[in-house]
Structures are given as structure tokens and as C-alpha cells.
Amino acid sequence: MPSTTSEPAFVRRAGVLHAEHVPLPAIVAAVGTPAYVYCAGTIRDRLARLEAAFASVPHRIHFAMKANSNLAILRLLQELGAGVDIVSGGELFRAREAGFAGRDVVFSGVGKTVREIEQALDAQVLLINVESEAELVTIDAVAGRLGTVAPIAIRVNPEVTVDTPHAYIKTGEKGQKFGIPRDDVARLVSLVRELPHVELRGLGMHLGSQIGNADPMRDALPRLLAAIAAARAEGHAIAYMDVGGGLAVPYHAEEPEADIADYAGVVLAAARETGLTLLLEPGRFLVAEAGALVTEVLYRKHAAGKDFIVTDAGMNDLVRPALYQAYHRIEAVESAAGTIVADLVGPICESGDFFAKDRELPDVGAGALLAVQTAGAYGYTMSSNYNSRPRPAEVLVDGDRFAVITERERLEDLVRLERAHLQWRTA
Ligand code: LLP
């Protein structure tokens, strides 16, 4: 039975951490560690919550697949009726493989190549979100060459203050590379009228990621609405208003569940005022809490008065702590007797390779399994082969069943694209 559950994805039964109804040690016995484990029921639940929150207006939820672009996860969301927000030709390819049609796709991103624009037009995507004048002109030229008209949206940078846990995940503030500065929008809207191969169908914005309250949205929406009104006044047939993604999820145990009612209230009021179809681009909200990175403890180490727990997962598998000083909850898969203040570190030759610093952790030794929680978003998609480490396996759990959705990379995969015999050429 497919599960939809508002229960936490990972629950402890008889001392053992389960993903839905599957004990994590059983998954590890089948696929080894490190492994990403995702719970389908939680993904279904989060999508259902968003659908319910926005049910009163015409809307479409476009999953920002940069958060988790595994084909099985995409298929799950596709079957539930979601669309996708993509940022590259590679994501478009994955989306198509997963069964999304062009009309299910909005194409964001600040640096689309001519090839990517061609691919998007070929696929007949719903909207290409324009992020600069130069890009607008390029899209017009490419569409002209292909004998078509590109449906576009202008991404407005509303230039509001955004409070995110790390500067690298802000986007809607002044001076960011993203979007068209709000003072420039009117000029671009007028320019569209002079370009025969683009049609302005929407206006949008994306304020940042892991935004914990509706204040930035409250500040930004009037600016988006003003841009929409101006575009309509110029005769553009605007059909869509895109408010981007950014909904926060709790990473700390004591944090409450994300409350989307406030956010939805603010957005719904604006959507009603315009009468437009509302587009949302949540990434993290749909998948973060559904996933954990399961790792095995390799060693305990005591050095310079400190305790270290060394795991077989590293920053190449989950880079968020190293890159954003991000906090991820750590749980012992089999209940530990006590706790110890220690650093939880990976095997990689970098000081930044840690999952927790000076934190109270389960007092576990070699061979124990740990779950790094809330790793379903921006985990595997940001992983790398650094230190020539094959990427981990990914597993999807649904009720009492589990399936491998990505095989663990093999050593041969590491060198598959490298040439043993070089074919030297001269210019
Ligand atoms: N739409 C656009 C145009 C975006 O750039 C993003 C995220 C989203 C939607 C989805 O945002 P979300 O709902 O997931 O917050 N790697 C970082 C997050 C980077 C987000 C980039 N853009 C992290 O691990 O926290």
C-alpha cells in the first residue's frame, strides 16, 4: 500500500530506527553504507499539505528538482500531479525521463546556454524565466531561428530583506545575481513588445531558501503585483504569477513543524487579487524531511582532549555542513547507552569534513550505524566524487517495502569518462 503519512519519516520501534515500517539495519544489510534513505509517505504528505493550502486558487506546484533529482522521486511527484522547476538541460533531461511533459516544466536559472534554450523550446516548456536583458534577447533569437515563440516569465528581484540561516541561500536581496532589479522590470517588459519571438506570460520571483516566516513574502508581493499590473497595462496577456520556493523545514529537534498557513495566507490573497494561475517552486519542503543519510562509524578517536567519531560518510556525500555550517540532527540507528560531546567527522582530507562539532552525540563505537537526518534535499544532488569516493546508494521506502533507486557507484564509474590512451591533437 502506498503510504501518505504525517508521522515523522523515521521512527524508533523497540530501540531501532525505522524508515516508515522498514528497520534501517535491514536496508544497510542490503545496500551497505553510506546510503541515502527516503520515505515516500512523507513526500506524499508534504505535497498534499501544499495542495490543500493552495486549493482555493488555480495553482500548480513545480518541484524544484535541484533539491532531489532522482528519477524515482521525480516519478512519484509526477504521478501525484506536480510539475517541476528546472535549472539546466540536465534537469530537463531527467524530468523528461521521469515522464514530465514540457507543459509541466518551468525553466529557471541565471545562465541558460543557447543549447539549453533550444532544448527547452523543443520540449515546449510552460515558461522560461528570464533573468537578464541579454538572456531575453538570446531567447528571442533562438526562438526565431527555430520558427517558434518562446513563452517567458520575467523573474523580478524584489530587493527585500531576507533572513536565511546562511548568506549563500539568499536570492531576493539587492545586489544578488538573480532576477531583474525591480527598477529595471518596466524597461524589460517594454522591450518584450519589440521582440517578435517571445511572449510574456508571467512574472515571478524567488526570495531565497529556508525562509522561516512570511515576512519577506509579505514585503515582496506588492512589488511583484506592481510589476504584473504594469505588464498588463502594456497589453501583455499575463497568465502566471510565480512565487518561487524557499519554504523552511525544521532541522533541529525542538523546532516546530513548518507552518505553511501564514505563508499561504499571504500568497493566496495576492493570487486572488490578480486572478492569475499561481506557480510555486518548493524544493526542500517536499523532500528534506523524507530523507536521511545512513552511515557507519569507522573509528573512535581521542586527540588533544577532544573526542571524535569518524564515519564512512563524508562531505562528498553531504556537503551542507561544510558549505553552509548547516545543522543536521544525528541519531543512532540502534539506541546507544549514553551520550558524549564529540565531533562527528568524515574520512575526507579536509578540516571542513564534519557533520557535527562539539555536539552531544550518541556514545557509539565502531560498527554502529548513525542517521544524519533531514538530508532528503540538497544531499545526493550536491554530492561529488571528491577523494575519489564512489557516490552512495539511494533507497526509497514505501510502507513496509524498500527499493534501491540509485546503485552505489562502482570504482570503474570513477574513471569511466577518462581516457587511457590519449589522442593528442594540434590546433
Ligand atoms: N526556485 C528557484 C529559482 C531556486 O533557485 C530555488 C533554490 C528553489 C526554487 C527552491 O528552493 P527551496 O524550496 O528548496 O528552498 N543548496 C542549498 C539551497 C540552495 C537553494 C537554491 N535555489 C541548501 O542546501 O540549503
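Read the numbers this way: they start at 1 and go in the same order the structure lists the ligands and their atoms. If you're wondering where the values come from, they're calculated on a predicted model, not measured in any experiment.
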Heavy atom under 4.0 Å from ligand 1: found in [X]'s side chain, backbone, both, or neither?
{"X": "Phe285", "value": "neither"}
{"X": "Glu281", "value": "both"}
{"X": "Arg284", "value": "both"}
{"X": "Asp85", "value": "side chain"}

Open item on the list: Tell me the protein heavy atom at minimum distance from atom 19 (C) of ligand 1, and give that distance in Å.
Closed with: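 Of the protein heavy atoms, Ile169 CG2, 3.9 Å lies nearest.
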Checking a contact table here: which protein heavy atom is nearest atom 20 (C) of ligand 1, and how many Å away?
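Going atom by atom, the protein heavy atom closest to atom 20 (C) of ligand 1 ends up being Tyr378 OH, 3.6 Å.
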Any donor-acceptor N or O pair under 3.5 Å, side chains Tyr251, Gln210: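 Tyr251 vs Gln210: no donor-acceptor pair found between side chains.
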N or O contact, [X] vs ligand 1, cut-off under 3.5 Å:
{"X": "Arg155", "answer": "no"}
{"X": "Pro282", "answer": "no"}
{"X": "Gly244", "answer": "no"}
{"X": "Ser108", "answer": "no"}

Give the atom numbers and elements of ligand 1 that come within less than 4.0 Å of a heavy atom of Ala64.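 Selected atoms, number and element: 8 (C), 9 (C), 10 (C).
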### Message
List ligand 1 atoms under 4.0 Å from Met382, heavy atoms only on the residue side.
### Response
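Within the 4.0 Å cut-off of Met382, ligand 1 contributes 16 (N).
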Under 3.5 Å, side chain of Asp343 to main-chain N/O of Asp358, donor-acceptor pair present?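 Checking the backbone N and O of Asp358 against the side chain of Asp343, a donor-acceptor pair under 3.5 Å is found.
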Picking from Glu334, Glu7, Glu331, what satisfies salt bridge (Lys or Arg N to Asp or Glu O under 4.0 Å) with Arg12?
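With Arg12 as partner, salt bridge (Lys or Arg N to Asp or Glu O under 4.0 Å) holds for just one option, Glu331.
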In this structure, does ligand 1 have an atom that sits under 4.0 Å from one of the heavy atoms of Gly246?
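The answer is yes: ligand 1 sits under 4.0 Å from a heavy atom of Gly246.
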message: Please determine whether a side-chain nitrogen of the Lys or Arg among Lys66 and Glu91 lies less than 4.0 Å from a carboxylate oxygen of the Asp or Glu.
response: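 No, Lys66 and Glu91 are not salt-bridged.
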Can you see whether Tyr327 has Arg359 sitting over its ring - NZ or CZ less than 6.0 Å from the centre and within 45° of the normal?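 Yes.
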